[in-house]
Amino acid sequence: GVAGPLTLSSLQSLTYDWYRDSSSTATSNLNPALRLYVDADGDLGAATDRGYLIYEITNNGVPFVLTTNQWFTDSITSSTNLWLRQFTPGQTLNIYNNSLGQYINGTYATQSGFLNISGNTVIYGLSFGIGSGWTGTYASAIDNVSIRFAGMAENTTWNFETATDPVPEPSTFALLFVGLAAL
């Protein structure tokens with residue numbers, strides 16, 4: 001279990017692996033974007049202060065020439081740049097060099113009308129997808145998503161390998177149908 005809410009300040013580590021297939025035609029400096037879904041004041045009962053902090057490698061000053069058909073690992077640290085998209089009203093804070101540490105400390109550059117992010121901001125979701133400015137095709141994969149918050153004994157990791165379970169035999173299906181009929 002976790003002691004306390006899953007806040008930005010309690011985030012200890014976040015990594016993921018990604019792969020880009022050579023059939024992709026999108027610009028080579030783009031990788032899958034990570035989105036941390038956040039509730040600014042930590043009160044999940046009020047949904048008007050939500051949005052996401054977005055990580056894209058292209059906004060982190062990484063001179064990156066991508067090799068296709070190989071796995072890469074990205075780690076989100078306090079110096080990682082994230083940009084903010086809020087849901088209500090739907091708008092983007094077009095400042096791309098605010099670090100996670102600056103959001104936690106409340107020292108990030110902002111504009112009037114945007115969410116007040118702090119170390120008490122609750123993380124309530126995580127997603128991956130294409131980022132901004134994409135054109136062309138993009139074939140990729142995400143794997144080994146690993147996250148840890150203060151108070152957790154170990155990382156929570158999602159591994160998206162496909163299972164190689166055998167196909168159930170007909171007798172297994174028969175038992176399933178008998179069970180359903182009994183219900």
Side-chain angles (χ1 to χ4, degrees), residues 5-21 24-68 72-143 145-149 158:
L6 305 177
T7 62
L8 284 180
S9 63
S10 69
L11 179 63
Q12 292 187 329
S13 66
L14 175 56
T15 62
Y16 65 101
D17 297 339
W18 58 274
Y19 176 94
R20 179 181 171 132
D21 189 84
S24 298
T25 62
T27 306
S28 66
N29 67 322
L30 300 174
N31 72 321
L34 163 95
R35 295 176 195 90
L36 288 173
Y37 286 76
V38 295
D39 184 278
D41 68 2
D43 177 6
L44 296 174
T48 58
D49 63 336
R50 294 187 182 169
Y52 40 70
L53 296 173
I54 304 165
Y55 165 75
E56 292 180 303
I57 199 168
T58 193
N59 295 326
N60 277 275
V62 178
F64 196 70
V65 178
L66 182 65
T67 304
T68 58
F72 296 90
T73 300
D74 275 341
S75 296
I76 307 306
T77 67
S78 64
S79 62
T80 300
N81 290 331
L82 304 166
W83 54 279
L84 173 64
R85 172 84 180 151
Q86 66 185 28
F87 300 147
T88 306
Q91 58 187 1
T92 299
L93 179 61
N94 292 314
I95 301 172
Y96 301 100
N97 61 348
N98 285 321
S99 71
L100 175 59
Q102 288 173 307
Y103 284 111
I104 290 170
N105 296 326
T107 59
Y108 61 98
T110 190
Q111 298 168 345
S112 178
F114 278 89
L115 296 176
N116 292 317
I117 304 296
S118 73
N120 294 324
T121 294
V122 168
I123 299 171
Y124 70 91
L126 179 67
S127 75
F128 296 89
I130 62 170
S132 55
W134 287 49
T135 60
T137 61
Y138 190 73
S140 70
I142 301 288
D143 201 8
V145 177
S146 184
I147 193 167
R148 175 184 264 177
F149 291 90
W158 295 275

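Please read these numbers as outputs of a predicted model, since none were measured by experiment.
- Looking only at side-chain heavy atoms (C-beta outward), T7 and T121 stay at 4.5 Å or farther from each other.
- Between L93 and A109, the shortest heavy-atom contact is CD2-O, 3.6 Å.
- The two residues I142 and W18 make their nearest non-hydrogen contact at CD1-CB, 3.9 Å.
- Distance alone, capped at 3.5 Å, places no donor-acceptor pair between the N105 side chain and the T107 backbone.
- Proximity of R50 to L44: side-chain heavy atoms (C-beta onward) are separated by under 4.5 Å at one or more points.
- The heavy-atom pair separating S9 from I104 by the smallest distance is CB-CG2, 4.0 Å.
- Closest approach of S140 to P32, counting heavy atoms only: OG-CG, 4.1 Å.
- Donor-acceptor pairing under 3.5 Å is recorded for the side chains of S79 and T77.
- Counted by atom type alone, N98 and W83 present zero donor-acceptor pairs between their side chains at under 3.5 Å.
- Of the inter-residue distances, the one linking N116 atom CG with T110 atom OG1 reads 7.5 Å to the nearest 0.5 angstrom.
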What verdict does the side-chain contact (heavy atoms from CB on, under 4.5 Å) test give for L100 and L8, after you've listed the backbone C-alpha separation in whole Å, the side-chain angles of each residue and the deciding distance to 0.1 Å? CA-CA 8 Å; L100 175 59; L8 284 180; 3.9 Å; yes

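- Partners of D21 according to the side-chain hydrogen bond (donor to acceptor under 3.5 Å, both in side chains) rule, which considers only residues two or more places apart in sequence or in another chain, are S23.
- A search for ring pair (Phe, Tyr, Trp, His ring centres under 6.0 Å) contacts involving Y52 returns Y37, F87, not counting sequence neighbours.
- Annotation: the span from Y55 atom OH to N81 atom CG amounts to 9.5 Å, rounded to 0.5 Å.
- Side-chain atoms of Q86 come within 3.5 Å of backbone N or O of L115 as a donor-acceptor pair.
- Less than 6.0 angstrom separates the ring centroid of Y16 from the ring centroid of F128.
- Interatomic distance, N60 CG to S99 OG, rounded to the nearest 0.5 Å: 9.5 Å.
- One distance of note links CZ of R85 with CG of N94; it measures 9.5 Å at 0.5 Å rounding.
- Side chains of L34 and L126 form a contact here, defined as non-hydrogen atoms less than 4.5 Å apart.
- No side-chain heavy atom of N97 sits under 4.5 Å from any side-chain heavy atom of N59.
- Rounding to the nearest 0.5 angstrom, the gap separating the CD atom in Q111 from the CD atom in Q91 is 8.0 Å.
- When all heavy atoms of A139 and S24 are compared, the pair lying nearest together is N-OG, 2.8 Å.
- Contact between I130 and R35 at its shortest, heavy atoms only, is O-NH2, 2.7 Å.
- Here Y124 contributes atom OH and D39 contributes atom CG; the two are 7.0 Å apart, rounded to the nearest 0.5 Å.
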Step by step, work out the side-chain contact (heavy atoms from CB on, under 4.5 Å) result for L82 and Y96. CA-CA 6 Å; L82 304 166; Y96 301 100; over 6 Å; no

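- No side-chain heavy atom of F72 sits less than 4.5 Å from a side-chain heavy atom of R20.
- Contact of the I117 side chain with the V38 side chain is registered, since non-hydrogen atoms from C-beta on lie closer than 4.5 Å.
- A heavy-atom distance below 4.5 Å is not found between the side chains of T15 and D74.
- A 4.5 Å side-chain heavy-atom check between T25 and T135 finds every atom pair outside the cut-off.
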